[in-house]
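Scroll down for the structure; my scribbles are underneath it.
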There are 2 protein chains.
Amino acid sequence: MAVRPRLTTVKVVDAALELIDEQGVEGLTLAAVAARTGVATPSLYKHVASLAELRGHVGVRVLEEMTDRFTHTVLGLAGDKAVEALMHAYRAYVRQHPKRYAAMPMDPLHDELQQAAGMKLIEVMLATLRGYGLEGSAAVHATRRLRVLVHGFASIESGGGFGLPEGLDDTYDQLVRMYLTDLRGQS
Amino acid sequence: MAVRPRLTTVKVVDAALELIDEQGVEGLTLAAVAARTGVATPSLYKHVASLAELRGHVGVRVLEEMTDRFTHTVLGLAGDKAVEALMHAYRAYVRQHPKRYAAMPMDPLHDELQQAAGMKLIEVMLATLRGYGLEGSAAVHATRRLRVLVHGFASIESGGGFGLPEGLDDTYDQLVRMYLTDLRGQS
DNA sequence: GCTCAAAAGCTAATGCCATTAGCCTCGGTT
DNA sequence: AACCGAGGCTAATGGCATTAGCTTTTGAGC
């Protein structure tokens, strides 16, 4: 019966992500989201508790997007092939959404709202390392090292931190190889 | 003749760094700096062009601090000893000033004001790798890999991104060893 | 010591943004 | 047919950056 299209939290977050893609995280403002969704700023509070909470929702979405993509990427692969695919998928995501990556929470596990999403992302990495026969804490360390590599590179690249873009593919390949070699040595 | 202590750009940046150490980068506000230096907000414009420029100065200071410390750290060392010392000094700096580290510009080379400071920091890393016999672009790649490792870890640790602080020293030692092994393989 | 110009500070005003309070309206429920 | 709650709106508040224009101080030169 043709209900007038109404705003929902999901649509608000959609608009927020568009804004971030276009203008970066600093561009995420309730006023801008309101303008984009065709609503007065205070109306957003019916869907979101505050700007801080909206940022939280955005963080969850980014984590979920990444988890989804990496899960599909790694499905059916194992060992070095899986790790390689995961690392390349990580970089590909960040290149596709450089601004959005900056909205990924660094500490999802310390936020009620983001905890579940953060855990799932880590678990994808952990699962990808299954098969290397890593015992308990060794698996944790290996996952951490992996995170350090992919996040370190992604963070610098998306921030324009490498002077010249020249040879970045090579640098990344070397990082992948370094990690795989390292895994072999630990096993 | 006892000149009444006047504000200078340097003192403004000092206050900005204190503020950042206490409240994080979001806490850096001209109003807060003014309060801390005992001056009305608009007066700051006599020493700094804008909040953005102040952030730029802060970034330079952080880069310079790091460069100084790392330079002293690796002086007189070479090879694995030097790399190890540099990596540990990097982490130590970030642990000492976790909030401040977030004020380090990711792309100093693209900012007129920060370019020189950024270059010097990179050069310390590059120089530390001297002696591994890396030819031209191999040295660039090796420096990039080093940056990825130290920044990746520092960024996650200072952001509270590792679920538990447990075993972080071990994780870092493993990263150091991984990098040294990698360097050996490349040489 | 005196004058004066520039440096460094101040107040007032503007505009943007987040947030809160309180009102209005529609659509579905009873 | 009356009602009620969700979702929107306007108005108001307070923080912050920034600009304009005025005042005071200081130090240089006489």
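Chain letters run A, B, ... following the sequence lines, proteins first, then strands; residues in each count from 1.
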Aromatic ring proximity, centroids under 6.0 angstrom, Tyr101(A) and His97(A): no
Distance, rounded to the nearest Å, where Leu28(A) contributes CG and dC17(C) contributes P: 12 Å
Any Arg147(A) side-chain heavy atom under 4.5 Å of Arg144(A) side chain: no
Nearest-angstrom distance from the residue atom CG of Leu44(B) to P of dA20(D): 17 Å
Side chains of Tyr172(A) and Met87(A) in contact at under 4.5 Å (non-hydrogen atoms): yes
Spacing between Glu53(B) atom CD and dT18(D) atom C1', to the nearest angstrom: 14 Å
Residues Glu22(A) and Lys99(A) bridged, charged N to O under 4.0 Å: no
Under 3.5 Å, which protein N or O atoms sit close to an N or O of nucleotides 11-16 of chain D? Give each pair with its distance.
{"residue": "dC16(D)", "atom": "O3'", "partner": "Thr29(B)", "partner atom": "OG1", "Å": "2.9"}

Under-3.5 Å N/O pairs linking protein and nucleotides 5-7 of chain D:
{"residue": "dG7(D)", "atom": "OP1", "partner": "Arg6(A)", "partner atom": "NH1", "Å": "3.3"}
{"residue": "dG7(D)", "atom": "N7", "partner": "Lys46(A)", "partner atom": "NZ", "Å": "3.0"}

Sugar-phosphate, base or nothing in reach of Thr41(B), heavy atoms under 4.0 Å: base
Side-chain heavy atoms of Leu180(B) within contact of Glu84(B), under 4.5 Å: yes
Axis deviation across the helix from dG1(C)-dC30(D) to dT30(C)-dA1(D), five-pair ends, to the nearest 10°: 10°
Short side-chain donor-acceptor distance under 3.5 Å, Thr171(B) and His141(A): yes
Donor + acceptor pair across side chains of Asp80(B), Tyr179(B) (<3.5 Å): no
Output field: ring centroids Tyr90(B)/Phe70(B) closer than 6.0 Å: yes
Whole angstrom value for the distance that separates P of dC17(C) from CG of Leu19(A): 11 Å
Passing candidate, side-chain contact (heavy atoms from CB on, under 4.5 Å) with Leu54(B), options Thr9(B), Leu44(B), Leu28(B): Leu28(B)
Straight-line distance of Leu134(B) CG to Leu126(B) CG, nearest 0.5 Å: 9.0 Å
Distance-only donor-acceptor check, side chains Arg91(B) and Gln96(B), under 3.5 Å: no
